[in-house]
Amino acid sequence: MSFAAYRMMHCPTGIENCDSGFITHSRADFVPRVTSHADDLESDWPPRREIGPVPNLVVTAGNVLEVYVVRVQEEGGKESRSSGEVRRGGIMDGLSGASLELVCHYRLHGNVESMVILSSRGGDGSKKRDSIILVFKEAKISVLEFDDSIHSLRTSSMHCFEGPQWLHLKRGRESFARGPVVKVDPQGRCGGVLVYGLQMIILKASQAGSGLVVDDEACGKIGASSARVESSYLINLRDLDVKHVKDFVFVHGYIEPVMVILHEQELTWAGRVAWKHHTCMISALSISTTLKQHPLIWSANNLPHDAYKLLAVPSPIGGVLVVSANSIHYHSQSASCMLALNNYAVSPDSSQDMPRSNFNVELDAAHATWLLNDVALLSTKTGELLLLALVYDGRVVQRLDLSKSKASVLTSGIASIGSSLFFLGSRLGDSLLVQFSCGVGSSGLASSLKDEVGDIEVDAPTAKRMRRSSSDALQDMVGGDELSLYGVSNNTESAQKNFSFAVRDSLINIGPLKDFSYGLRINADANATGIAKQSNYELVCCSGNGKNGALCILRQSIRPEMITEVELPGCKGIWTVYHKNTRGSSADSSRMLSDDDEYHAYLIISLESRTMVLETGDLLTEVTESVDYFVQGRTIAAGNLFGRRRVIQVYETGARILDGSFMTQDLNLVVPGNESGNGSEGCTVLSASISDPYVLLTMTDGSIRLLVGDPSSCSVSVSAPAAFGGSKKCVSCCTLYHDKGIEPWLRMTSTDAWLSTGVGETIDGTDGSLQDQGDIYCVACYDSGDLEIFDVPNFTSVFYVDKFVSGKSHLVDFQISDLQKSSERLDGNSQELNNNGRNESSQNMKVTEVAMQRWSGQHSRPFLFGILTDGTILCYHAYLFESSDTASKIDDSVSMENSVSSSNMSSSRLRNLRFLRVPLDIQGRDDMPNGALSRRLSIFKNISGYQGLFLCGSRPAWFMVFRERLRIHPQLCDGPIVAFTVLHNVNCNHGLIYVTSQGVLKICQLPSTSNYDNYWPVQKVPLKGTPHQVTYFHEKNLYPVIISAPVHKPLNQVLSSMVDQDAGHVENHNLSADELQQTYSVEEFEIRILEPEKSGGPWQTRATIAMHSSENALTIRVVTLLNTTTKENETLLAVGTAYVQGEDVAARGRVLLFSVGKDADNSQTLVSEVYSKELKGAISALASLQGHLLIASGPKIILHKWTGAELNGIAFYDVPPLYVVSLNIVKNFILLGDIHKSIYFLSWKEQGAQLSLLAKDFGSLDCFATEFLIDGSTLSLTVSDDQKNIQIFYYAPKSTESWKGQKLLSRAEFHVGAHVTKFLRLQMLSTTSDRGSSTVSDKTNRFALLFGTLDGSIGCIAPLDELTFRRLQSLQKKLVDAVPHVGGLNPRSFRQFHSNGKVHRSGPDSIVDCELLCHYEMIPLEEQLEIAQQIGTTRSQILSNLNDLSLGTSFL
């Protein structure tokens, strides 16, 4: 392996930063709830708490940035009535639910170190928006704002303090304990970024109305303006005599921004606290951004040495809270108070008069946010939620009250979202969106009604006051002289506020992946070959920590659960149709409810020259002979018309309307063609699209027919749309799109949107059925590559895009962009001429299939899909952008030019409709011959409760829609799929039918245990403990896992276990008797042997093996040992442990061997200990080497042979100086990684029974994981380290620079950006390009490394041959400049090896980055061709290389 590719297969999911702000909408866009007084029930109740404007949620996980909009469902609103289900959490404060919906998702070329929202400091009616400030390693700052016109984030400014001219900021230091941290002024006047330990960068926000940014009034016309950063400058904190900054924050309530810095004057540590404590202090600086001055205005010292966090108290109180491990302190310019949290808190002058909380808690590593302006929510390191109330009088805080609340997930950050929601972001578990409600618990009324509606606020003015956040909300309500009196009376009650919480939504997280193993699925198919065989496997991962610990079972491809299968050769298509008896109008009203649950009546199967019809009752029975369906030839399409009262069947020469099994109308479509001359008898139907009550037919001669249904008579008439008649361009494909719903979405995008909605409401009163139909549109693509949307049945053009084929990032109605383009047209012609000389042009590219769909959901927007001739799939998401007044001027000028066609229709164009291209993570593209399949996209509304579409073809995949985002999951298990449809009947509840290319029809259901709203489908098995390592026992299909959970023990027990056995006596370290009775939390380890459940349900624990007290299990492996007495191989479970007993006791460890068997009736798993032996040193790694057991014990590795009764050492090597973290074996080669001294490469020789060192890496490296990388006959050594890099070494004894083979040489290095904890070597699959080549034998022995990281991402390193590598590397260099990168980040600098100040000789750049290469498919076709030509290759060659790489590494 000289060359490799890095590929991210599963993005990080562990959320590190979260914040909320008005990013995609402003505060003024919020529509307040209209309370109707019609219901007499509600009028007696006190007024409800209003839900104010709800901001966006912004989260980052590793290098992923996501912006969500929070959708709030109101009780009794349209959407909760129609869904008819109670969402999770019940009803609280008039809300029945809240959910997160994705606005945009980016994979950045850099890890976000810190993130904050720069507020636009407007009131509730402000039209301005907030911006996102992201900070990256060292000192890069990007400010992003949301741009409506492109529906995505745009960089508004970038600030970089790196590179040669800023080297002096580091003052000679190379590494810094903390990454850059950013905070902003709550009024949005400035921000501060702390970099390089003591350099503060001040970001000055631009003032409204000055310079480039316009006032609210002016910006209403142009579109919303966001907060921006005008300039930045540096403050050196050393000049202010600040030494060790721990945290800083901007406080509320000052005229100029005031920054409070928490810093330590002299460092101390736990061992010196008796002499030196209370070393921290806070200093408040007033920041004047115009004068660039920062005078000190107040300070406070004598804060505890373990203070680490500042919280700015909101107005009207102001001031800061200082959080330390054992106490909380409040400080403002005029007052201070404190609260001790446990017995370790001491006051500075050791006088014992500190107020104490009524329970003990430790607050190190806590996160906090404000729920009200005097109540903060704290999340502790154990996942408990605490409420901290400030009891105040006027502006003077008198005391702090701490109370316990619910237990929750272990958080990495909390963000309040508006006035009634907060978000718990977590790296260790799933992140939660929680709604809270605050009531005052003194009244009897509240408690009696608590069950029906959350907690009701009794004291209306109090409620109002807690909600207002302007600086002096009190002044508006009461006179100034009553102020202090009112404050006191109010606050006595607020001490008894009770909060209730409801979890509303959650984002799944599979990180941190500590270890994983690769095992067979329950429903594996033993006969599968090739790529289908890969879906037999699953990845079982140890993830989470403590009570969030779980096993995550990841399966990249979906494997449906089969109900039945039938041989059915030669199938061309399948359809299921409903049949409703003609019922009276009374039954019609209940139609809406039963629609989803109605069973299908018939299954229509189209074969090559005939059609089969089956009844889908209890059994599938063929009724082909007894029905009036057309069965003599193949069917083109089938579906329901007239509200499911009729079935239409379209065949090659006509169509039939059927009522159940009886034909009511037969249309012959070939007759009209005969008038035009001789040759057109051959004109038959090519494809059909059915959308009640219309059917659109494409004929083989390229013409279009529309069948128009008449609901009153249930009959159909044929018309030929005028828009396609005559000499117009040839249509390559078209489809109908039904814009359903009470408020059709596309109607809002037309220019007279207000008009059409008004009309809709008037219709609603008279005839509800018409309103329900929505609008129907026809989407047509031409051979020239253009796309047009027509209104049906009038066929007036409402939207037009030229060159849809090229896959531009945004689609805009042609008439808007027309004026900008007219000047470019002349240049365009000359370019076309040059184009002919190329080997490849975009001319022959056509759209072969198009589909448009809007799935159900209150705020859902349509998706548009197109499949091109080469198998590329384009996917677009529609969005609404009301462009400024300039657009109408353009329209006028256009309608002058071609006045004939457009003057009559320019008014009704969907001028505000735009489409944004969505990147698709599809494994490989289709390589079926063109035209083999008529339709590849099948839309489904409900398969096991999921909605989306299914892609047929040689690489079938599921596209599922969650939160307005597409999740794409391949289905490999049956190879190519030729036809697909949904089936809902008695035996198959919301299931599916598909036909494989081998001619097998399968009826299936989706596995219900997996959660599909993730990059890969995932099933979580909660363990209620921390999983450390997992291994797979292949023969018995068991997963042994090391799990630890904290156990509280009395202190004297803990102390006695830490005593050296030889010394014997206990030193009580002068502890009193009651101190010895206190409990102390100790991690207890056990090994659990889990078996996957056959039905896919929860996993069963088959056996547990407990460890001794204070014994930690470190490693677990299934090993195959050669029993030297019986000369047979035995498969045993080997465990390595260590006793953790403090630094006074010599380290010991045990090696344990277990045999695992099943008893006679195969129900119980028997685990018996075969052997155990205590060794010196911790046993941190085990492996079996040619039938022997290799044990890393402390500072040496020993090879043992197994006699069947005991292990006997036969060879040893004192190689790793410190501690082995990983051990890998290939044949007789050993690779081991040391925690600090990099990697060692050894070999084992049987004849001399000796372990010998071949080579090592002489640098120092803190290894995390190691593995061999095999490419044909080349062996390389891969290692990941604590700086998030991966390095690949090789052994070259003949090379001079390897010092006669002692030194391992670097072959490649790469910065992954996440801590890689485990590599797994898997054989790559052979792909299409390999089959033709002569060197097939060499290619089969090619392995890739799958790896998991602590961020929850999964990737792989795959070997490449040199030709492919050179091609992709030159493409990568081009793409660095050709693609606009989010946040202005440079992919090349991100992927440089990070050495953190250690001496490092850089290795060769021989890994290509697929994270950058995947942008190639997203740039327009013309640019793709141009870049390919510049690097001397073709687009198809590049795409086939990328395709082979993704197929070769689709392991799951």
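Heads up: numbering here begins at 1 and tracks the sequence.
- The main-chain N or O of Leu144 is never found under 3.5 Å from a side-chain atom of Ser156 such that the two would form a donor-acceptor pair.
- Atom OH of Tyr344 has 12 or fewer neighbouring heavy atoms from other residues, nucleotides or ligands inside a 6.0 Å radius.
- Atom CG of Asp1234 sits about 9.0 Å away from atom CG of Asp1262, to the nearest 0.5 Å.
- A donor-acceptor pair is defined here as one N or O able to donate and one able to accept, closer than 3.5 Å; such a pair exists between the side chain of Arg178 and the backbone of Lys246.
- Each of Glu264, His305, Gln265 was scored for a side-chain hydrogen bond (donor to acceptor under 3.5 Å, both in side chains) with Thr279, with one residue passing: Glu264.
- A donor atom on one side chain and an acceptor atom on the other are found under 3.5 Å apart for Ser379 and Thr411.
- With contacts defined as side-chain heavy-atom distances shorter than 4.5 Å, the pair Tyr1290/Leu1277 does not qualify.
- The six-membered or imidazole ring of Phe1393 lies away from that of Phe1310, with a centre-to-centre distance of 6.0 Å or more.
- His294 and Leu285 make their closest contact through O-CD2, 4.1 Å (heavy atoms, listed as atom of the first residue, atom of the second, distance).
- Side-chain contact between Val59 and Asn17 is absent, with no heavy atoms from C-beta onward closer than 4.5 Å.
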Could you go step by step and tell me if Thr1266 and Ser1222 meet the side chain to side chain donor-acceptor pair (under 3.5 Å) rule? CA-CA 6 Å; Thr1266 58; Ser1222 75; 2.4 Å; yes
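- Side-chain atoms of Gln1283 do not come within 3.5 Å of backbone N or O of His1394 as any donor-acceptor pair.
- Not one N or O on the side chain of Ser288 forms a donor-acceptor pair closer than 3.5 Å with the backbone of Gln293.
- For the pair Pro1404 and Ser1306, the minimum side-chain heavy-atom distance is below 4.5 Å.
- The main-chain N or O of Val1220 is found under 3.5 Å from a side-chain atom of Ser1180 such that the two form a donor-acceptor pair.
- Between Val1382 and Thr155, every side-chain heavy-atom pair lies at or beyond the 4.5 Å cut-off.
- Residues Thr60 and Glu16 bring no donor and acceptor atom of their side chains to less than 3.5 Å of each other.
- Between the side chains of Asp130 and Ser119, no donor-acceptor pair is found at a separation under 3.5 Å.
- Within a 6.0 Å radius of CD in Glu266, no more than 12 heavy atoms belonging to other residues, nucleotides or ligands are found.
- The shortest side-chain heavy-atom distance between Val67 and Ile132 falls under the 4.5 Å cut-off.
- Taking the six-membered ring for Trp and the full ring otherwise, the centers of His244 and His263 sit at least 6.0 Å from each other.
- Asn63 is not listed as a side-chain neighbour of Asp1351, based on a closest heavy-atom distance of 4.5 Å or more.
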Stepwise side chain to side chain donor-acceptor pair (under 3.5 Å) check, Ser157 with His159: CA-CA 7 Å; Ser157 66; His159 312 261; 3.0 Å; yes
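- The aromatic rings of Phe250 and Phe248 stand perpendicular to each other, their planes meeting at an angle above 60°, with 30° marking the opposite boundary.
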For a side-chain contact (heavy atoms from CB on, under 4.5 Å) check, start with the C-alpha distance between Ser232 and Ile202, then their side-chain angles and the critical distance, and finish with the verdict. CA-CA 5 Å; Ser232 54; Ile202 299 291; over 6 Å; no
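- Using a 4.5 Å heavy-atom threshold, the side chains of Thr1278 and Ile1286 count as touching.
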May I have the step-by-step check of side-chain contact (heavy atoms from CB on, under 4.5 Å) for Val1312 and Tyr6, ending in yes or no? CA-CA 8 Å; Val1312 176; Tyr6 158 84; 3.9 Å; yes
Test Val1316 against Phe1264 for side-chain contact (heavy atoms from CB on, under 4.5 Å), laying out the working first. CA-CA 7 Å; Val1316 175; Phe1264 267 41; 5.8 Å; no
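- His1400 and Glu1309 are linked by a side-chain donor-acceptor pair at a separation below 3.5 angstrom, with hydrogens and angles left out of the test.
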Leu203/Val184 under side-chain contact (heavy atoms from CB on, under 4.5 Å): CA gap, chis, key distance, verdict: CA-CA 9 Å; Leu203 304 172; Val184 289; over 6 Å; no
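- Remark: the backbone N or O of Pro295 is not paired with any side-chain donor or acceptor of Ser286 at under 3.5 angstrom.
- In summary, the aromatic rings of Trp166 and Tyr196 are positioned with their centroids too far apart to meet the 6.0 Å limit.
- Between His1381 and His109, a ring centre-to-centre spacing shorter than 6.0 Å is recorded.
- Side-chain contact annotation: Ser1276 with Arg1307, donor-acceptor N/O pair under 3.5 Å present.
- When all heavy atoms are compared, the tightest approach of Arg427 to Asn509 is O-ND2, 3.0 Å.
- Counted within 6.0 Å of NZ on Lys183, heavy atoms from surrounding residues, nucleotides or ligands total more than 12; the atom is thus considered enclosed.
- Using a distance-only test at 3.5 Å, with no hydrogens or angles considered, no donor-acceptor pair links the side chain of Asp247 to the main chain of Leu262.
- Thr1317 and His1315 share no side-chain donor-acceptor pair at under 3.5 Å.
- Applying side chain to side chain contact (heavy atoms under 4.5 Å, CB included) to His329 and the options Val320, Leu303, Asn302, Ile282 leaves one that passes, Leu303.
- When every heavy atom of Gly1383 is checked against every heavy atom of Ser142, the shortest pair comes out as O-OG, 2.6 Å.
- Heavy atoms only, all atoms of each residue included: His277 and Pro348 are closest at CE1-O, 3.8 Å.
- In this structure, a donor-acceptor pair under 3.5 Å is absent between the side chains of His10 and Ser1353.
- Checking side-chain atoms of Lys514 against main-chain N and O of Asn545 turns up no donor-acceptor pair under 3.5 Å.
- Side-chain contact between Ile201 and Leu194 is absent, with no heavy-atom pair separated by less than 4.5 Å.
- Around the CZ atom of Arg1388, the shell of radius 6.0 Å holds no more than 12 heavy atoms that belong to other residues, nucleotides or ligands.
- Under a cutoff of 6.0 Å and an axis angle of 45°, Lys1256 and Phe1241 do not form a cation-pi pair.
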